2 protein chains.
Amino acid sequence: MKSRAKAVRSRKAPTAGTPSAVDVTGRTVRVDAQRNLDALLEAAKAVFDASGVDAGVREIAKRAGVGIATVYRHFPQRSDLVAAVYRREVDACVEAAATLAKEHEPREALVRWIHRYMSFIASKRGLVAAYRAGVPAFEALPAYFRKNLEPALQALLDAAAAAGRIRHDVEPYELLWAIANLSTPPSGVGPQYSRRMVGLLIDGLRYGAGQGAPASKASRRERG
Amino acid sequence: MKSRAKAVRSRKAPTAGTPSAVDVTGRTVRVDAQRNLDALLEAAKAVFDASGVDAGVREIAKRAGVGIATVYRHFPQRSDLVAAVYRREVDACVEAAATLAKEHEPREALVRWIHRYMSFIASKRGLVAAYRAGVPAFEALPAYFRKNLEPALQALLDAAAAAGRIRHDVEPYELLWAIANLSTPPSGVGPQYSRRMVGLLIDGLRYGAGQGAPASKASRRERG
DNA sequence: GCAGGAAACGGAACGTGGTTCCGATTCACT
DNA sequence: AGTGAATCGGAACCACGTTCCGTTTCCTGC
């Protein structure tokens, strides 16, 4: 992909000796563009943390000290910016899966990771709602999330199922989505809501351990 | 609006055969106002069914053959219109609970009602997302939903718990919210997603039957 | 009937959001 | 330094929910 590594020209260095980055296409990236990109990501992260992912583009641009168009050149849609900001945290979540798998027995690792995942989702106010409501072209956002989180959860599920601790007929993507949607409590309910509901879901996983019956069928049978 | 202390006293039977409706405050309602209200509700229902609850106010007004202001006079906020439209369906859902309780044994009645409730939610595209995202004053909408649906589900839960078929430590409101949130499948997943996930939830309810341990604790215990 | 006035009306106007456009600016390379 | 292109900033545009206000319609007391 990268055709050549670009060395720094000894002209004036705007950002303290930073080597000019290279595009995926091999083009050199202008230092101001790179600087703005960094500022944008940092500002977006700060604003999202403070006001949720519903924060306006103008606010982010202002905080980053750039114009609106600069935002849209780097990120064709608002959702692309959201995805870029959370990419790093998704990666961390994926790494956590491997770590937990080594340090705990299969089911415990699964439960702990689910809680880890819940924390990530819960801290992103409005992420799920935005993802949902954003009908037009929010397709870019779930792509990265799914591509990385699904295999991580799949590994945990397989290990726990192999150990006979949970049923083995659950799709990881469905579980990811379900947990994400359970991570927003309604108003007027204690903060433990999410844990309780996801706890129910996990108990449902355990309920069918070793049976292999689909959840939908199991729920309809008169006697377990 | 200016502060207008209206003191309309006793009315007289107005002209044509249609008896003019009366306000909750006892004021007579103008026939054109009533006609527009009806047209508005009908149009809104049609548009919501066709385009989801995210449909614009202008579209609804146009379909009803009225101006924008007319919408806002009858419904101070968009969410009030949504709530009004769905009030009828909520009532139907509540009635279904009583019917099912008579025709089936407790747990079966509970499961069947949950599926009934899921159908209602699923047919209202974007309802949950709007409810969630609508931070400002979407408080009016859940009020009616909760006030009516919560007791209905509570009765079903009590009956099933008394029969020893499910755990008895689940809050009905939490369950309503959880199911509603599980009723929106992610893109690229079969339509059976919701049934599977709610099935897991129901299995979780059965898992702890007769134990009474909170879901959150049960989910963390090493052995059941 | 009819006239007066309040209730209800329609649609333009406002504020805010995401997105696009375009002239001005800044950078990279010779 | 010079030149062309990549990048920039912010005004402009569109769609949305909501508000304002001049106009119309209906009820009512005569």
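Fair warning: this is a prediction, and the values are worked out from it, not measured in the lab. What you see below is based on every heavy atom in this structure, not just the backbone, and it leaves out hydrogens, waters and symmetry mates. Below, chains carry the letters A, B, ... as their sequence lines are ordered, and counting in each starts from 1.
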task: Please check the phosphate of D:dG9 (OP1 and OP2 only) for any side-chain N or O of A:Thr70 closer than 4.0 Å.
output: yes

field: Closest-nucleotide 5' rank along DNA chain C - winner of A:Gly56 and B:Gly67
entry: B:Gly67

field: Under-4.0 Å side-chain N/O to phosphate OP1/OP2 contact, A:Arg78 with C:dG17
entry: no

- request: Could you tell me whether A:Ala33 contacts a base, only the sugar-phosphate backbone, or nothing, with contacts defined as non-hydrogen atoms closer than 4.0 Å?
  value: sugar-phosphate

query: Just to confirm, is there a sub-4.0 Å distance from OP1 or OP2 of D:dT7 to any side-chain nitrogen or oxygen of A:His74?
result: no

- prompt: Looking only at side-chain N and O atoms, does B:Asn36 come under 4.0 Å of OP1 or OP2 in C:dA8?
  reply: no

- prompt: Can a donor-acceptor pair under 3.5 Å be found between the side-chain atoms of A:Arg30 and the base atoms of C:dA28?
  reply: no

message: What I'd like to find out is whether the side chain of A:Leu81 reaches to under 4.5 Å of the side chain of A:Tyr72, using heavy atoms alone.
response: no

message: For A:Arg87, is there an ion pair with A:Asp91 - N to carboxylate O distance below 4.0 angstrom?
response: no

task: Tell me whether the centres of the aromatic rings in A:Trp177 and A:Tyr173 are closer together than 6.0 Å.
output: no

- prompt: Of A:Asp32 and B:Ile68, whose closest DNA chain D nucleotide lies nearer the 5' terminus?
  reply: A:Asp32

statement: Assert: residue with more 5' nearest nucleotide on DNA chain D, out of A:Leu37 and B:Ala69, is A:Leu37

message: Nearest whole Å is fine: how far is D:dA12 C1' from A:Arg58 CZ?
response: 10 Å

message: Taking the side chain as everything from C-beta on, heavy atoms only, tell me whether B:Leu175 gets closer than 4.5 Å to B:Leu201.
response: yes

